[in-house]
Protein chains: 2
Amino acid sequence: MSAPASKSPATLHDVAREAGVSLATASRSLNGSARKVNEAYRQRVVEAAQRLGYTTNLFAQAVAKGSTTTVALLVADIADPYFSSIAAGVINAASEEGLVVTIAVTGRNAQRELDTVRALRGQRPRVMILAGSRTTGSAFEEQLRLELSSFEDTGGKVAFISQDAAPFATVLLDNYGGARDLAVALAGLGYRDVAVIAGPPEIRTAEERLDGFTEGLAEHGITLPPERIIHADFTRDGGYRGTQELLASGASVDLVFAVNDVMAVGVVSALRDAGIVPGTGIGVAGYDDIPTVRDITPALTTVRIPLEDVGRRALQLATGTAYDGGTAGVGAGPEAIPTETIIRGSTPRR
Amino acid sequence: MSAPASKSPATLHDVAREAGVSLATASRSLNGSARKVNEAYRQRVVEAAQRLGYTTNLFAQAVAKGSTTTVALLVADIADPYFSSIAAGVINAASEEGLVVTIAVTGRNAQRELDTVRALRGQRPRVMILAGSRTTGSAFEEQLRLELSSFEDTGGKVAFISQDAAPFATVLLDNYGGARDLAVALAGLGYRDVAVIAGPPEIRTAEERLDGFTEGLAEHGITLPPERIIHADFTRDGGYRGTQELLASGASVDLVFAVNDVMAVGVVSALRDAGIVPGTGIGVAGYDDIPTVRDITPALTTVRIPLEDVGRRALQLATGTAYDGGTAGVGAGPEAIPTETIIRGSTPRR
DNA sequence: ACTAGCAGAGAAAGCGCTTACCGAAGCGGC
DNA sequence: GCCGCTTCGGTAAGCGCTTTCTCTGCTAGT
C-alpha cells in the first residue's frame with residue numbers, strides 16, 4: 001500500500017558532481033553553449049550524464065532561459081481526419097525543429113476555445129496554432145483576438161489555419177477559389193440543379209466554400225436558390241440529416257455539394273438509405289479529400305488540400321522557417337495553398 | 001525590420017505589486033492553496049491579475065513544485081483513425097483533470113520511439129502513454145523498458161495501450177479474444193477457406209489478432225495454412241498489396257480477414273480492382289471499427305473497440321482515477337476492455 | 001487586565017537550470 | 001623576462017514560482 005519510494009530524477013547538479021566539474025561546466029557541456037568547453041571535460045560530463053540517465057529538465061531550462069520549446073495546437077476535433085492530418089504535419093515539422101507539441105481540443109465551442117487559449121498561455125508556448133477556430137461572428141471573437149494579441153505582445157507567435165484572421169499570420173486555404181473551381185468543373189459536367197449542404201453559418205471556412213461554389217455556379221448561369229442551401233452540423237451525421245431534410249423538401253436536384261468530405265460521406269449514406277444510388281441519379285461532391293472518400297462507393301469528387309503540408313506550413317510560418325525563402329516579412333503569409341479539383345465516380349458526366 | 005519590442009508576460013511579482021500585497025499572498029490567492037487568505041486580499045489579487053492579463057507560468061510552477069501537469073502521449077501515426085480516436089479520449093480525460101497533453105509521433109520506428117521517449121522525459125510528464133508501441137522483438141525493446149522503468153523510478157507513471165507490457169500498467173485490448181470471437185462468428189456464417197492479411201510480425205497487437213483468429217477457426221475445425229497468412233504493412237496500401245499477393249498466388253479463398261480496418265479497406269479496394277465484388281465471391285472482415293468502414297460498400301464486418309474510452313481509460317489508469325473503483329491497486333489494469341463482433345454486409349451468410 | 005493561542009501576512013529559501021562575471025592559467029611580443 | 005591578452009573553469013545571481021518559517025496583531029479565557 002505504501003507509495004513506491006521514488007527517488008527524484010537526476011539533476012544537473014548530480015551530473016556535475018559525478019563528473020567532478022562545476023555546474024556551469026556541466027551545463028555548457030550538455031547544451032551546445034556558445035562558450036567552448038575543454039573536450040576532455042565535455043566527454044566526462046556527457047558520460048556522467050549517460051551513467052545517471054540524466055535528461056535536461058525542460059521546465060527548469062525554460063524558466064532559466066525565459067523561453068520554451070513548446071508549440072500549442074488547437075483543433076476542433078482531433079478524431080476528424082481533417083484535423084488529425086493537419087496535426088500530423090505540425091507534429092512532424094515541430095519535431096524536426098526540436099519543438100514539442102501540445103494539443104488541445106475545442107470541440108467547436110467558442111467558450112471552450114477561449115478558455116483553452118487562456119490555459120495554454122500558461123505554458124508560454126513559442127507558437128500557438130489555431131485550426132478550425134470559430135472566430136467568426138461569435139460573441140467571443142473580440143475576446144479571443146485580445147487574448148491572442150496580448151500573447152503576441154508578450155513574445156508569442158500565432159498562426160491560423162484556413163481562415164484569414166488578420167492581423168495574425170495565416171495559412172490561407174483558398175476555400176473560395178477551390179469551391180468555385182469545383183463548381184465550374186461540375187457545371188462543365190452538365191449538372192444544373194444543385195443543392196448544398198452547408199456548414200454552420202458561423203464557421204467561416206464553411207461559408208467561404210459556400211460562397212465560392214455559388215460564384216462558380218453563377219459563372220455558368222446557374223443560381224442556387226436559398227432553399228437549396230441547408231445548414232447542418234460539420235459532421236457525418238450532419239450531412240446525413242441535411243440530406244434527409246433536402247429529400248423531404250421534395251426538391252428535385254441532380255447534384256449535392258457538401259462543404260466538407262465528412263458531411264459528404266453522410267450525404268452518400270443518406271441517399272443510399274433513401275434508395276437513391278449516388279452518382280447515378282444524383283451526383284455528390286465534397287471538399288478536403290480525406291482518405292475515406294477514395295474508398296467509398298462511388299468514390300467521391302472533391303477538392304484536394306495538402307493537409308499535412310498545411311500543418312507543416314503553419315508551424316514554419318510562425319517560427320519563421322517558412323520554406324519558400326523570399327518575402328517572409330512580418331506580414332507574410334496569406335499566400336494561399338494550392339488546391340486541386342478531383343473528379344471521381346460520384347459525379348459522372350450527365 | 002526591427003523586432004517588435006515585446007514586453008514579457010506579467011509575472012506574479014507584477015500582480016503582487018499591483019495588488020499591494022506580498023508575493024506569497026498573491027501566490028496563495030491564485031492557486032487554491034491550503035492556507036487561507038483574507039477574502040478582501042484575495043479579491044484584490046484576482047482583480048489585479050485580471051487587469052494585467054496574468055496567467056501562471058506553468059513552467060515556473062512546475063520547477064517550484066517539482067511536479068508538472070503534463071501527459072505525454074506517444075502514438076505510431078496520429079493521422080490513423082485508430083490512434084486519433086485514442087488521442088481524443090486521452091485529451092478529453094486529461095483536460096477534465098487540468099492536465100495538458102503533449103503528443104509525439106513515432107512512425108512505428110523503434111529507434112525513433114526510443115528517442116522520443118527520452119526526449120519526452122525532459123518534460124518530466126506525470127504520465128506517459130504509449131499506443132502502438134513496437135516493443136516486441138525489436139532490438140530496442142530492452143532499452144525502452146529500461147528507460148521506462150527509470151522513468152517510473154523517478155516518479156512517473158506509464159501506461160501502455162493494447163499489448164500487455166508488464167510490469168507497466170496496461171489497458172488491455174483483448175485482441176486475442178476479439179479475433180477469436182470474430183472467427184467463430186464467421187465460421188458460423190459458413191466461411192471455410194480463409195486467408196489473413198496479417199500485420200508486421202513485430203507488432204504484437206497484430207500477432208495477437210492473428211493468433212486469436214486462428215484459434216477461433218480451429219474451434220470450428222478450420223485450419224489456416226501458413227501460405228494463407230500474408231504479412232503486410234499496417235496501412236491501407238499494405239492491405240491492398242497483400243491482397244494482390246494473395247490473388248496472385250492463385251489460392252481459392254472465401255474470406256479475407258485483415259487484422260485491422262485500415263488494411264481491410266485496402267483489401268476491399270484490391271478485390272474490386274481485380275474484378276471481384278467483395279461480399280459476394282469473397283467475404284472481408286477487419287478489426288477496430290473505425291468510422292470509415294460503415295461507409296464503404298459493402299459495409300465491413302469488424303470488431304468494435306471503444307477507442308475513445310480506451311484512451312480515457314489509459315489516462316485514468318495512470319493517474320489513479322480509474323472509474324470502476326475497486327481494485328485499483330498498484331498492479332491494477334490488465335482487465336480487458338470488452339469487444340464486440342459486428343457483422344455487416346461484407347460477410348453475408350454463405 | 002493579562003497572557004495563551006491562533007490566524008494570517010510577509011520574508012526568504014529553495015526548485016533546476018542558464019549565464020554574466022571573475023579570476024587563474026597559458027601564450028606571444030618586445 | 002615581464003606584461004597584456006586570450007581561454008576557459010568556477011562562483012553566484014537570477015528566472016518565476018511555491019512554501020516554510022517568522023512575526024505581528026487579534027480574539028478569548030480566567
Side-chain angles (χ1 to χ4, degrees), chain A residues 6-46 48-49 52-70 121-126 154-155, chain B residues 7-46 48-49 52-70 121-126 154-156:
Chain A
S6 64
K7 48 184 190 298
S8 34
T11 73
L12 186 57
H13 194 90
D14 301 333
V15 174
R17 186 148 30 82
E18 172 89 8
V21 302
S22 76
L23 243 186
T25 303
S27 170
R28 288 197 274 254
S29 303
L30 291 176
N31 52 34
S33 140
R35 276 254 314 250
K36 249 178 293 181
V37 171
N38 183 306
E39 182 56 24
Y41 277 20
R42 218 191 54 88
Q43 195 85 332
R44 270 182 30 213
V45 171
V46 169
L52 267 45
Y54 171 81
T55 12
T56 304
N57 182 328
L58 288 183
F59 283 13
Q61 179 167 284
V63 24
K65 283 199 172 176
S67 85
T68 67
T69 56
T70 304
R121 282 193 68 187
Q123 293 214 72
R124 304 287 185 270
R126 266 236 244 295
T154 56
Chain B
K7 49 184 189 294
S8 35
T11 73
L12 187 56
H13 194 88
D14 301 333
V15 174
R17 185 147 31 81
E18 172 88 8
V21 303
S22 76
L23 241 185
T25 304
S27 169
R28 289 195 274 255
S29 302
L30 290 177
N31 53 33
S33 139
R35 273 256 312 257
K36 250 177 292 180
V37 171
N38 183 306
E39 181 55 24
Y41 277 20
R42 215 191 56 86
Q43 195 84 332
R44 265 169 48 202
V45 171
V46 169
L52 265 46
Y54 171 81
T55 11
T56 304
N57 181 328
L58 288 182
F59 283 12
Q61 179 167 286
V63 25
K65 283 199 170 174
S67 85
T68 67
T69 55
T70 304
R121 282 193 68 187
Q123 293 214 74
R124 304 285 185 271
R126 267 237 245 292
T154 55

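Here is the naming used below: chain letters follow the sequence lines, and residue numbers restart at 1 for every chain. All figures in this text were calculated on a predicted structure; none of them were measured in a lab.
Note: A:Thr55 OG1 to A:Leu12 CG = 11.5 Å, rounded to the nearest 0.5 Å. Note: A:Thr56 OG1 to B:Gln123 CD = 12.5 Å, rounded to the nearest 0.5 Å. Considering CZ of A:Arg124 and OG of A:Ser67, their distance stands at 12.5 Å, rounded to 0.5 Å. In this structure, A:Thr70 OG1 and A:Leu58 CG are separated by 7.5 Å, a value rounded to the nearest 0.5 Å. Distance check: A:Asp14 CG to A:Ser8 OG gives 8.0 Å after rounding to the nearest 0.5 Å. The distance from the CD atom of B:Gln61 to the OG1 atom of B:Thr69 is 7.0 Å, given to the nearest 0.5 Å.
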Please step through side-chain contact (heavy atoms from CB on, under 4.5 Å) for the pair A:Thr11 and A:Asn57, ending with a clear verdict. CA-CA 8 Å; A:Thr11 73; A:Asn57 182 328; over 6 Å; no
Trace of the side-chain contact (heavy atoms from CB on, under 4.5 Å) decision for B:Val45 with B:Val37: CA-CA 11 Å; B:Val45 171; B:Val37 171; over 6 Å; no
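Side-chain contact check for B:Val15 versus B:Glu18: every heavy-atom pair is 4.5 Å or farther apart.
Formation of a donor-acceptor pair under 3.5 Å by the A:Ser29 side chain with backbone atoms of A:Thr25 is found in this model. A donor-acceptor pair under 3.5 Å links the side-chain atoms of B:Arg126 to the main chain of B:Thr68, judged by distance alone.
Summarising the geometry, the separation between CG on A:Asp14 and P on C:dC15 is reported as 11 Å, rounded to the nearest angstrom. Atom pair B:Gln43:CD and C:dA9:C1' shows a separation of 18 Å (rounding to whole Å applied). In this structure, the CD atom of A:Gln123 is 14 Å from the P atom of D:dC17, given to the nearest Å. Between the P atom of D:dT7 and the CG atom of A:Asn38 lies a distance of 14 Å, rounded to the nearest Å.
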Check nucleotides 23-27 of chain C against the protein and report each pair of N or O atoms closer than 3.5 Å, with its distance, or say if there are none.
none

Tabulate atom names and distances for all N/O pairs under 3.5 angstrom spanning the protein and nucleotides 17-19 of chain C.
residue : atom : partner : partner atom : Å
C:dC17  : OP1  : A:Tyr54 : OH           : 2.5
C:dC17  : OP1  : A:Asn57 : N            : 3.3
C:dC17  : OP2  : A:Leu12 : N            : 2.2
C:dT18  : OP1  : A:Asn31 : ND2          : 2.8
C:dT18  : OP1  : A:Gln61 : OE1          : 2.8
C:dT18  : OP2  : A:Ser27 : OG           : 2.6

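Base pairing in DNA chain D yields stems of at least 3 consecutive Watson-Crick or G-U pairs, both distances under 3.5 Å, namely C:1-30 with D:1-30.
If B:Val37 and A:Val63 are placed on DNA chain C by their nearest nucleotide, the residue sitting closer to the 5' end is B:Val37.
Within the nucleic acid shown, A:Phe59 has no heavy atom closer than 4.0 Å to any nucleic acid atom.
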